[in-house]
Amino acid sequence: MLYDYKNIEGKWQKKWDELNAFRAKQDFTLPKYYALVEFPYPSGQGLHVGHPRPYTALDIVSRKKRMQGYNVLFPMGWDAFGLPTENYAIKNKIHPRIVTERNVARFKSQLKALGLSFDWSREINTTSPEYYKWTQWIFIQLFKKGLAYKKEMAVNFCTSCKVVLANEEVVNGVCERCGSEVIRKVKSQWMLKITEYADRLISDLDGLDFIERVKTQQKNWIGKSKGAEIDFETTANDKLRVYTTRCDTLFGATYMVIAPEHELIVKWKDLLQNYDEIEAYKLQASKKSDFERTELVKEKTGVELKGVRAINPATGKEIPIFISDYVLSGYGTGAIMAVPAHDERDWEFAKKFNLPIIEVVAGGNVEEAAFVDVETGKLVNSGFLNGLEVEAAKAEMIKFLESKGIGKEKVNFKLRDWVFSRQRYWGEPIPLVKCEKCGWVAIPESELPVKLPDVDSYEPTENGESPLSLMTDWVNCKCPQCGGKAERETDTMPQWAGSSWYFLRYCDPDNDKELASAEALKYWMPVDWYNGGMEHTTLHLLYSRFWSKFLYDIDIVPCKEPYLKRTSHGMILGENGEKMSKSRGNVINPDDIINDYGADTMRLYEMFIGDFEQSAPWNTQSIKGCKRFLERVYNLLDMVEGTGFTKELEKDLHKLIKKVTNDIDTMKFNTAIAAMMGTLNTIYDNGKITKDELLLFAKLLSPFAPHIAEEINSRLGNSDIISLAQWPEYDESKTIDDTVEMPVQINGKVRCVMQIPREASKEDILEIVKKDDKISSGIEGKTIVKEIVVPGKIINIVVK
RNA sequence: GCGGGUGUGGCGGAACUGGCAGACGCGCCAGACUUAGGAUCUGGUGGCACCCCCGUGCAGGUUCAAGUCCUGUCACCCGCACCA
């Protein structure tokens, strides 16, 4: 029978639509399952073959769960605000809304062609006012709780284009578009206090089923460290506060380093003899990103502050103060005590500037390299700390600092607050006004959404303000509090805003009274399985956990954590093994693949390509194997004889049910497919299959290749769709063989493989084995030193 | 630099708690069918001096037994806070 995939796929996609087969049911008494994939940014290039990998994976999970009787929510939407759309709109003079509509339509038709079982009735779009109304609402709640605040922050500013650039748009320190110099300009920006949730974002990971690398990456990103803050007296008669994780080494602090942006520099201006030199250095530093500044390979630079010195509180000695860009203003206090003997960066700096290196923890050779081991060494040259181990010394030092009132224990985080302002058009307007009298005031909730006004040009203004700032009619408004003159905030939100809560909206997407009803949230949340890219671990995933926790705190969401399980797929690389990108010219278009091979083959190949969590290069040649497999499956229709289950296939089919069921739960889609291929080969060897056996096989295949499974089901005479049929169950006793194949080794080398009865004892096994010619000749005339029998696994006879 | 990962045939990849390395598929080789084959079917396929031996990035170690555990080392990939 000819496998006419085009007809088959079109037919069943239409049928599913007509039946609303994949709509989540509104019956909240059913057991629920919420499967979520990251919603895409609808780019102008359309889908590429990387997108369907995670979608197909969770589609398989969803389809299986549906067949297992769950009420499944598997939604899809569009994360459509963002830079590329805006830049495209500017370049081509088309409204970003139009661009977005176009891209969404393209993406949607491409996704539909894959036969993914999304509940399209719940489709959402972050750029629709009905949606961003609630994004703004959440921001207002954050603002009211004091979690949104203004801060002076540096932005990348292109001196030629006169626009604020995203980090990505800055390549090697110059503007990506025009190649001009990029400087760091300080602007007042809205910030969200994610740091207030830092501790909970770490500790609540414990109960979650996230893959380990996601957990560790989040923990390290938040970067909790226990240390101390210490105040150093200065000769300028004030205090310089530092943060250190190694307060035990205070006796070895031979100089200090402060960030170029440190406020004391300006304060000390009159005392500093080389202020011009310092200013010049500050200018240089302002051009570098944090990333460039902390690179260890680069030679350390810095300038001594001549005229002010600090006093080491442990030794009482005066020590010099430097500015250097390897100290960041955003971490700790923006100042460090430098202990060159026990910190690599300090050591390098000290060598370069010829500063004293004093060993305070014994165990290394501090003239050769910094000794950073905290496990083995004991304190030396450190007065009252001498002889103590590092941990004990830390505790003693803290006692000392507290008793003197010059320092205390302090927990620090690497995590920084979230810069929430963008000087861009295509984002959610920040729903605040600045009143001359009242200061920053939130727009009343009844007036939400604050809609994005139509502007003539989306190009940012000369001074780096948002394009919205030019719309004076829109900007000038009345204060909702006092009715006086006020101005709207013209910055918009970052793209991350809409994606920080979208999974909540899916629960109740048409609600215009609240972001979602408490009832719907209580039923559907938390998400049972969330899959997404590893690159979202430290930003999107963390941001959305933060917003969820906040919404939990204000009693909107019923759960502390939004996602029970988080997994991550590997990237699909180009055929040359490099990342797929337009510029590399190695992008594969899924439309072509679906056209040439069919959606089922495409889906199967995406899953068969390799370990789901690992990246794998695309290979159009290899798709053939999946196509052949499906053709052979389809041809089983011609081999059907009789009904019921036969002895020949029973054991294989029970094993297969077990394998496929378990493999889907553990993301081993590739081996599930391999097992189905293996069973198919057995069926062909067998030469025939019964109707019931084929139906069973089709059910197992249906989550992976749903169209062909439906067609087989229908051709076997069933009128119900297989997508909602019951998932097969296996009988454990029917998966166990009577005999096991066991390799027999002599001195660890395999000599033969024997069939051994499953229940045989160790003695019986050895007796059987020794009768074998290869084994008996191998041990003849030698002394048996040891006999290892691992039932069901291996036999190893060690001889001398 | 910091953080996270990955190294297995010609290729993509299998291998559960240490137990036959290479499942399954691609490619390749041979045969069948055919006017034809870039279709289909059947068989074979890690290397080699082919019943031995060697083989999981490299060098050591633990063990009856190591892709898997330990120590060291090399290479590559991803992220780094205004790309999404």
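The analysis underlying the following values was restricted to heavy atoms, covering all of them including side chains, and did not include hydrogens, waters or symmetry mates. Computed from a predicted model, the values in this text were never measured in an experiment. In the text below, chain A, chain B and the rest are named by the order of the sequence lines, each starting its count at 1.
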Asker: What is the base-pairing partner of U73(B), counting Watson-Crick and G-U wobble geometry with both distances under 3.5 Å?
Answerer: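 Looking at the geometry, U73(B) pairs with G57(B).
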Asker: Tell me whether the OP1 or OP2 atom of G5(B) has a side-chain N or O from Arg213(A) closer than 4.0 Å.
Answerer: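 Answer is no, no contact under 4.0 Å.
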Asker: Can you tell me if Lys668(A) touches the phosphate of A23(B), counting only side-chain N or O atoms and a distance under 4.0 Å to OP1 or OP2?
Answerer: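 No, Lys668(A) has no side-chain N/O under 4.0 Å of OP1/OP2 on A23(B).
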Asker: Would you say Lys624(A) reaches G27(B)'s phosphate, i.e. side-chain N/O to OP1/OP2 under 4.0 Å?
Answerer: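 For G27(B), OP1 or OP2 has a side-chain N or O of Lys624(A) closer than 4.0 Å.
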Asker: Mind checking who G3(B) pairs with, Watson-Crick or G-U wobble, both distances under 3.5 Å?
Answerer: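 When the pairing criteria are applied, C78(B) turns out to be the nucleotide that pairs with G3(B).
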Asker: Quick one: label Ser615(A) by what it contacts on the DNA or RNA (base, sugar-phosphate, nothing), any heavy atom closer than 4.0 Å.
Answerer: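 The answer is sugar-phosphate, as Ser615(A) gets under 4.0 Å only of primed atoms, P, OP1 or OP2.
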Asker: In this structure, are over 12 heavy atoms from other groups packed under 6.0 Å from Lys150(A) atom NZ?
Answerer: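 It does: Lys150(A) NZ has more than 12 such atoms within range.
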Asker: Side chains of Ser225(A) and Asn412(A): any donor to acceptor distance under 3.5 Å?
Answerer: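 Their side chains do not contain a donor-acceptor pair, so the 3.5 Å distance test is not met.
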Asker: Parallel, tilted or perpendicular, judged at 30° and 60°: which one describes the rings of Tyr530(A) and His540(A)?
Answerer: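 Answer is perpendicular, since the angle exceeds 60°.
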Asker: Does a side-chain N or O from Asn670(A) land closer than 4.0 Å to OP1 or OP2 of A14(B), or not?
Answerer: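 For A14(B), OP1/OP2 do have a side-chain N/O of Asn670(A) under 4.0 Å.
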Asker: Which way is the base of C50(B) turned, syn or anti, if we draw the line at 90° from 0?
Answerer: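 In terms of base orientation relative to the sugar, C50(B) is syn.
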Asker: Between Glu212(A) and Leu83(A), which residue's closest nucleotide on RNA chain B lies nearer the 5′ terminus?
Answerer: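 The residue mapped nearer the 5' terminus is Glu212(A).
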Asker: To the nearest Å, how far apart are Lys786(A) NZ and U63(B) P?
Answerer: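 The answer, rounded to whole Å, is 10 Å.
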Asker: When you measure from the side chain of Gln745(A), which nucleotide among G27(B), C20(B), U42(B) comes out closest?
Answerer: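 Nearest nucleotide to the side chain: C20(B).
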Asker: Reckon Arg632(A) has a side-chain N or O less than 4.0 Å from the OP1 or OP2 of A39(B)?
Answerer: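 No, because none of the side-chain N or O atoms of Arg632(A) sits under 4.0 Å from OP1 or OP2 of A39(B).
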Asker: Does G46(B) adopt a syn or an anti glycosidic conformation, taking syn as a chi angle within 90° of 0?
Answerer: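 With its glycosidic angle more than 90° from zero, G46(B) counts as anti.
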Asker: Give a yes/no answer on whether the side chain of Arg628(A) brings an N or O atom under 4.0 Å of OP1 or OP2 in U40(B).
Answerer: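 The answer is yes; a side-chain N or O of Arg628(A) sits under 4.0 Å from OP1 or OP2.
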Asker: So Glu176(A), base contact, sugar-phosphate only, or nothing? Heavy-atom distance under 4.0 Å.
Answerer: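 Since no nucleic acid heavy atom lies under 4.0 Å of Glu176(A), the category is nothing.
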Asker: Taking only side-chain N and O atoms of Asn619(A), does any of them lie within less than 4.0 angstrom of OP1 or OP2 on G13(B)?
Answerer: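 No, no such contact exists.
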Asker: For Thr671(A) and Asp663(A), test the side chains for any donor-to-acceptor distance below 3.5 angstrom and give the result as yes or no.
Answerer: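 Result is yes, a qualifying pair exists.
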Asker: With ring-ring contact (aromatic ring centres under 6.0 Å, His included) as the criterion, how do Phe420(A) and Trp496(A) come out once you've worked through the C-alpha distance, each side chain's angles and the decisive distance to 0.1 Å?
Answerer: CA-CA 9 Å; Phe420(A) 203 69; Trp496(A) 309 108; over 10 Å; no
Asker: Looking at every strand, decide which applies to His536(A) at a 4.0 Å heavy-atom threshold: base, sugar-phosphate, or nothing.
Answerer: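 Base, at least one base heavy atom under 4.0 Å.
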Asker: Would you say Asn220(A) reaches G4(B)'s phosphate, i.e. side-chain N/O to OP1/OP2 under 4.0 Å?
Answerer: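 Looking at the OP1 and OP2 atoms of G4(B), one of them is under 4.0 Å from a side-chain N or O of Asn220(A).
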